[in-house]
Amino acid sequence: MDVTTPANAPWLIVGLGNPGPEYAMNRHNVGFMVVELLAGRIGGKFKRAGKAQAQVVEGRIGAPGPENRRVILAKPMSFMNLSGGPVNALRDFYKVPVANIVAIHDELDIDYGVLRLKLGGGDNGHNGLKSMTKAMGPDYHRVRFGIGRPPGRMQVADFVLKDFSSAERKELDYFVDRAADAVEALVIEGLERAQSTYNS
């Protein structure tokens, strides 16, 4: 944890995706899937977040005691390429240090289901990250969920906006569950320990 970050500061965990039922099972929406699972674990239901264009669940993760963390789970309700505005509004409202923000997103350059956790870095062409970085700089955490590259000559834009294939869906619940575990480990145990467990 950054030494300037107060130990009791909340964490803002953002699942990136597009709003609307037609996008719900798209590869691009895996961030939404992970925060929805996390919300279920803490027994929360998403609700509109004041003036921010987002839905949120507030709660705590971790056992009672020093490892217990206050978290705000968020789904921006703008489209993916405008995610930065809602996230920045939530950051201001909840007074979250940038180092305590976690973006969960699909990643083309990693094989399907593989996770990579990191702090900072570029956006690698991901429009949600590009928008977040423009709004608040790059120094937030990322949980990168591998979706692999498009087959053949399929365009990237078409690939990410398609639903997971039937073969992928057989393992999707397991991978989403593991990604949620990785987010909890990141928040409770810190980046290095979470990386050593989940950066397979």
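On a predicted model such as this, the values are computed, not experimentally measured, just so you know. Numbering starts at 1 and runs along the sequence shown.
Taking 4.0 Å as the cut-off between side-chain N and carboxylate O, Asp177 and Arg41 count as a salt-bridged pair. Taking 4.0 Å as the cut-off between side-chain N and carboxylate O, Arg69 and Glu184 do not count as a salt-bridged pair.
Of the possible polar contacts, none joining the Asn29 side chain to the Gly17 backbone as a donor-acceptor pair under 3.5 Å is found. The main-chain N or O of Gly128 is never found under 3.5 Å from a side-chain atom of Ser131 such that the two would form a donor-acceptor pair. No donor-acceptor pair closer than 3.5 Å links the side chain of Asp139 to the backbone N or O of Ala99.
Counting heavy atoms from C-beta on, the side chains of Met77 and Phe46 never come closer than 4.5 Å. Put simply, the side chain of Lys162 does not reach to within 4.5 Å of the side chain of Met25, judged on heavy atoms. Contact check for Leu161 versus Asn18: side-chain heavy atoms found under the 4.5 Å cut-off. Side-chain contact between Lys47 and Glu58 is present, with at least one heavy-atom pair separated by less than 4.5 Å. Side chains of Val14 and Tyr140 form no contact here, defined as non-hydrogen atoms less than 4.5 Å apart. For the pair Leu129 and Asn124, the minimum side-chain heavy-atom distance is 4.5 Å or more.
The two atoms that bring Val87 and Pro76 nearest to each other are CG2-CG, 4.1 Å, heavy atoms only. Contact between Ala74 and Leu90 at its shortest, heavy atoms only, is CB-CD1, 3.6 Å. Across all non-hydrogen atoms, the minimal contact from Leu186 to His141 is CD1-CD2, 3.6 Å. Summarising the geometry of Ala24 relative to Met33, their closest heavy-atom pair is O-CE, 3.4 Å, with the distance given to 0.1 Å. Between Ala39 and Val57 the shortest heavy-atom distance is CB-CG2, 4.0 Å. Annotation for Leu115 and Ala182: closest pair CD1-CB, 4.0 Å, computed over non-hydrogen atoms.
Distance NZ/Lys170 to OG/Ser165: 9.0 Å, rounded to 0.5 Å. Atom CG in Asp123 sits 8.0 Å away from atom CZ in Arg142 (nearest 0.5 Å). Rounding to the nearest 0.5 angstrom, the gap separating the CZ atom in Arg91 from the CG atom in Leu12 is 10.0 Å. Taking CD of Glu192 as the start and CG of Leu119 as the end, the distance is 11.0 Å to the nearest 0.5 Å. Atom-to-atom distance recorded for Gln55:CD and Leu73:CG is 12.0 Å, nearest 0.5 angstrom. The distance from the NE2 atom of His126 to the CG atom of Asn81 is 11.0 Å, given to the nearest 0.5 Å.
Listed by chain and number, the residues in a side chain to side chain donor-acceptor pair (under 3.5 Å) with Asn26 are Asp163 (sequence neighbours excluded). In this view, Ser78 satisfies the side chain to side chain donor-acceptor pair (under 3.5 Å) rule with no residue, not counting sequence neighbours.
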Begin with the C-alpha distance, continue with both residues' side-chain angles, and end with the deciding distance and a verdict on side chain to side chain contact (heavy atoms under 4.5 Å, CB included) for Val183 and Ile104. CA-CA 8 Å; Val183 172; Ile104 309 162; 3.8 Å; yes
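Classification of the Tyr112-Phe164 ring pair by plane angle, with boundaries at 30° and 60°, yields tilted. Classification of the Tyr23-Phe79 ring pair by plane angle, with boundaries at 30° and 60°, yields perpendicular.
In this structure, Ile101 is a member of the same hydrophobic cluster as Met80, with clusters built from ILVMFWY side-chain heavy atoms closer than 4.5 Å. There is no path of hydrophobic side-chain contacts, each under 4.5 Å, that joins Val187 to Val96. Clustering ILVMFWY residues whenever any of their side-chain heavy atoms sit less than 4.5 angstrom apart, transitively, puts Met132 in a cluster other than the one holding Leu117. Under the 4.5 Å side-chain contact rule for hydrophobic residues, Val56 and Val98 share a cluster. Residues Leu37 and Phe32 fall into different hydrophobic clusters, defined by Ile, Leu, Val, Met, Phe, Trp and Tyr side chains chained together at heavy-atom separations under 4.5 Å.
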Under 3.5 Å, which donor-acceptor pairs link side chains of residues 144-158 to any protein atom two or more places apart or in another chain?
unit_1	atom_1	unit_2	atom_2	d
Arg144	NE	Glu107	OE1	3.2
Arg149	NH1	Asp109	OD1	2.7

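Summarising the local packing, CD of Glu189 is surrounded by more than 12 heavy atoms from other residues, nucleotides or ligands at distances under 6.0 Å. The number of heavy atoms from other shown groups lying within 6.0 Å of CZ (Phe93) does not exceed 12. Taking a 6.0 Å sphere around NZ of Lys95, one finds it holds 12 or fewer heavy atoms contributed by other residues, nucleotides or ligands.
Paired with Val30 under the rule side-chain contact (heavy atoms from CB on, under 4.5 Å), one option of Leu16, Val176, Val160 passes, and it is Val176.
For the pair Arg178 and Tyr174, the cation-pi test (distance below 6.0 Å, angle within 45°) is failed.
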